[in-house]
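Inspection log for the structure reproduced underneath, given as structure tokens.
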Amino acid sequence: MKFDMMKLSPGSSCSILSFSLLPVSLIAFLFFVIYPNEFRLQSLLTSSSHCTNSSSIAALVESVTPKSDFRLLMGILSLPDNYERRHLLRDVYALQFRDFPGATIDVRFVFCNLTKDEERILVGVEILLHRDIIILNCQENMDRGKTYTYFSTVAKLFSHAPYDYVMKVDDDAYFRLGKLAELLREMPRAEVYYGLNNWCSTRHKVPEYMLGMGYGLSWDLVEWVATSDIPRKHAVGPEDFQTGLWIKEGKNGTRTFYNMEPRMHDFNEEESSTCYRHDMIPDSMTVHKLKSRQRWAATLSYFNVTAGVYPSKLYHLN
């Protein structure tokens, strides 16, 4: 159908003109409001031949996407049957996700192969809901190589997007992620092995190592664990001691030790205090040996975790 523009009414002409100007207005808005430096945008998106430059597009995306100060994978080594503990840990860590702006901390639960039909169903429900579980190809036994399998598997799983640090953590330990982030921001990104040094319990009778409540390796050491014969041949044994042995033998680990004492410690309840077991302090980063609901409640109460619960007609906590 042909239109004779000379026969259109003045009102119709204005409508058509307004409709035609809409795309131009949108382009102007994008350039002058969203991208005020239009010449920079043009130089990124065009080349001398007026073709799209993929590297320039990548540069633009990189320039507008904030980078993390660091990326940490916190692997909580758990047992498939510990459903209640995992739900508690999800809650206490979810409450902290605003405490470390600028950093990326991914919390994952780590098992060996599932062996029971009910585990496959119930763990499957967790995976559908939370997507925070890693299942290793190993037999469930902490001192039979699970930690070695964890580090070596992570090196392969995330080789395309490596973390800066990878942690092995017990499921009876509570980490204050903001405090952890403060420390990691100041650390190098290579040759790092950190945690609570064992010196006070051993008096140097055995090589130094980080206690199993929670310790971390920088990504270069994780890759080394996955490829070196030293960890593979010494995978079996007390897992925290073995990890220290790997680093000591293979990577000159005395230069990589970062001791978190006294900020990492065991829960203290009517026991004699030591450098690894003492009362909580405001600067505590990790509290370990939380093997009962009462200990969890006491720890969360000390750090005022429920301080943000607002009054409501729906509940009372008195």
Side-chain angles (χ1 to χ4, degrees), residues 70-78 89 93 100 103 105-108 110 142-143 146-148 150-152 154 163-222 224-225 231 234-235 237-268 274-278 280-281 283-290 299:
F70 64 86
R71 297 181 67 243
L72 165 67
L73 175 63
M74 178 181 285
I76 303 176
L77 272 60
S78 180
L89 288 168
Y93 286 130
F100 46 91
I105 300 179
D106 294 332
V107 179
R108 300 290 183 265
V110 183
M142 180 62 74
D143 293 336
K146 182 176 181 179
T147 297
Y148 166 74
Y150 164 62
F151 281 121
S152 58
V154 161
Y163 288 86
D164 293 300
Y165 308 103
V166 177
M167 289 191 72
K168 173 267 167 186
V169 175
D170 284 350
D171 69 356
D172 63 344
Y174 172 60
F175 274 80
R176 300 174 70 197
L177 300 183
K179 297 292 185 181
L180 176 61
E182 290 175 3
L183 294 173
L184 293 182
R185 282 192 179 97
E186 303 301 322
M187 287 189 184
R189 298 294 185 262
E191 296 287 327
V192 170
Y193 172 38
Y194 65 87
L196 175 61
N197 197 301
N198 74 314
W199 70 268
C200 61
S201 59
T202 63
R203 307 297 182 187
H204 297 290
K205 293 180 180 178
V206 297
E208 292 179 305
Y209 61 92
M210 301 304 178
L211 294 175
M213 64 176 72
Y215 54 84
L217 304 177
S218 53
W219 184 257
D220 60 312
L221 296 185
V222 174
W224 174 80
V225 169
H234 299 89
E239 60 89 18
D240 49 3
F241 171 78
Q242 294 302 112
T243 302
L245 185 66
W246 306 339
I247 305 301
K248 199 78 165 167
E249 288 194 9
K251 299 298 291 183
N252 295 322
T254 52
R255 294 181 300 169
T256 71
F257 273 48
Y258 286 84
N259 185 18
M260 304 300 191
E261 181 197 345
R263 304 181 70 179
M264 298 180 69
H265 57 88
D266 286 351
F267 187 92
N268 192 29
T274 68
C275 64
Y276 64 91
R277 182 177 59 243
H278 55 77
M280 287 174 278
I281 57 177
D283 209 31
S284 291
M285 182 184 74
T286 309
V287 183
H288 183 227
K289 293 290 182 72
L290 302 180
T299 301

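Fair warning: this is a prediction, and the values are worked out from it, not measured in the lab. We use all heavy atoms of the structure for the numbers below, so side chains are in, but hydrogens, waters and symmetry mates are not.
Summarising the geometry of G214 relative to F175, their closest heavy-atom pair is CA-CZ, 4.0 Å, with the distance given to 0.1 Å. Taking all atoms of both residues into account, the shortest heavy-atom contact from Y93 to A173 is OH-O, 3.5 Å. The shortest non-hydrogen separation linking V192 to L221 is O-CD1, 3.3 Å. Nearest approach of H234 to L245, heavy atoms of both residues: CD2-CD2, 4.1 Å. Residue P238 comes nearest to D143 through the heavy atom pair CA-OD1, 3.5 Å, listed as atom of the first residue, atom of the second, then distance. Residue D240 comes nearest to G212 through the heavy atom pair OD2-N, 3.0 Å, listed as atom of the first residue, atom of the second, then distance.
Between H288 and D266, the side chains place a donor N or O and an acceptor N or O closer than 3.5 Å (distance only, hydrogens not considered).
A perpendicular orientation is assigned to the rings of Y193 and F257, their planes being inclined by more than 60° (bins at 30° and 60°). Taking the six-membered ring where tryptophan is involved, the planes of Y163 and W219 are tilted, since the angle between them lies from 30° to 60°. Taking the six-membered ring for Trp and thresholds of 30 and 60 degrees, Y215 and F151 have ring planes inclined between 30 and 60 degrees apart.
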Margin query: Determine whether M74 and Y165 satisfy the following criterion, side-chain contact (heavy atoms from CB on, under 4.5 Å), listing intermediate values before the conclusion.
Written below: CA-CA 8 Å; M74 178 181 285; Y165 308 103; over 6 Å; no
_L183 and M260: CA distance, side-chain angles, deciding distance, side-chain contact (heavy atoms from CB on, under 4.5 Å) verdict_ = CA-CA 9 Å; L183 294 173; M260 304 300 191; 3.6 Å; yes
Practice prompt. Apply side-chain contact (heavy atoms from CB on, under 4.5 Å) to the pair Y194 and M167, showing each step before the final yes or no.
Written response: CA-CA 9 Å; Y194 65 87; M167 289 191 72; 3.0 Å; yes
- Task: Tell me, with the steps shown, if T299 and M280 meet side-chain contact (heavy atoms from CB on, under 4.5 Å).
- Result: CA-CA 8 Å; T299 301; M280 287 174 278; 3.9 Å; yes
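No side-chain heavy atom of F100 sits less than 4.5 Å from a side-chain heavy atom of E182. Side-chain contact between K289 and D172 is present, with at least one heavy-atom pair separated by less than 4.5 Å.
Atom CE of residue M264 and atom CE of residue M285 lie 4.5 Å apart, to the nearest 0.5 angstrom. In this structure, CG in L211 is found 10.0 Å from CG in D170, a value given to the nearest 0.5 Å. Distance check: K168 NZ to M210 CE gives 13.5 Å after rounding to the nearest 0.5 Å. In this structure, NZ on K248 lies 14.0 Å from OG1 on T243, to the nearest 0.5 angstrom. Taken from CD1 in I247 to OH in Y209, the straight-line distance is 15.0 Å, to the nearest 0.5 Å. In this structure, OG1 on T147 lies 3.5 Å from CD on E239, to the nearest 0.5 angstrom.
Among R263, H265, H278, K179, the one residue that satisfies the side-chain hydrogen bond (donor to acceptor under 3.5 Å, both in side chains) test with S284 is H265. Screening D106, L177, L184, D164 for a side chain to side chain contact (heavy atoms under 4.5 Å, CB included) involving L72 leaves a single residue, L184.
No donor-acceptor pair closer than 3.5 Å links the side chain of Y150 to the backbone N or O of V110. Proximity of a side-chain donor or acceptor of D171 to a complementary backbone N or O of I76 within less than 3.5 Å is not detected.
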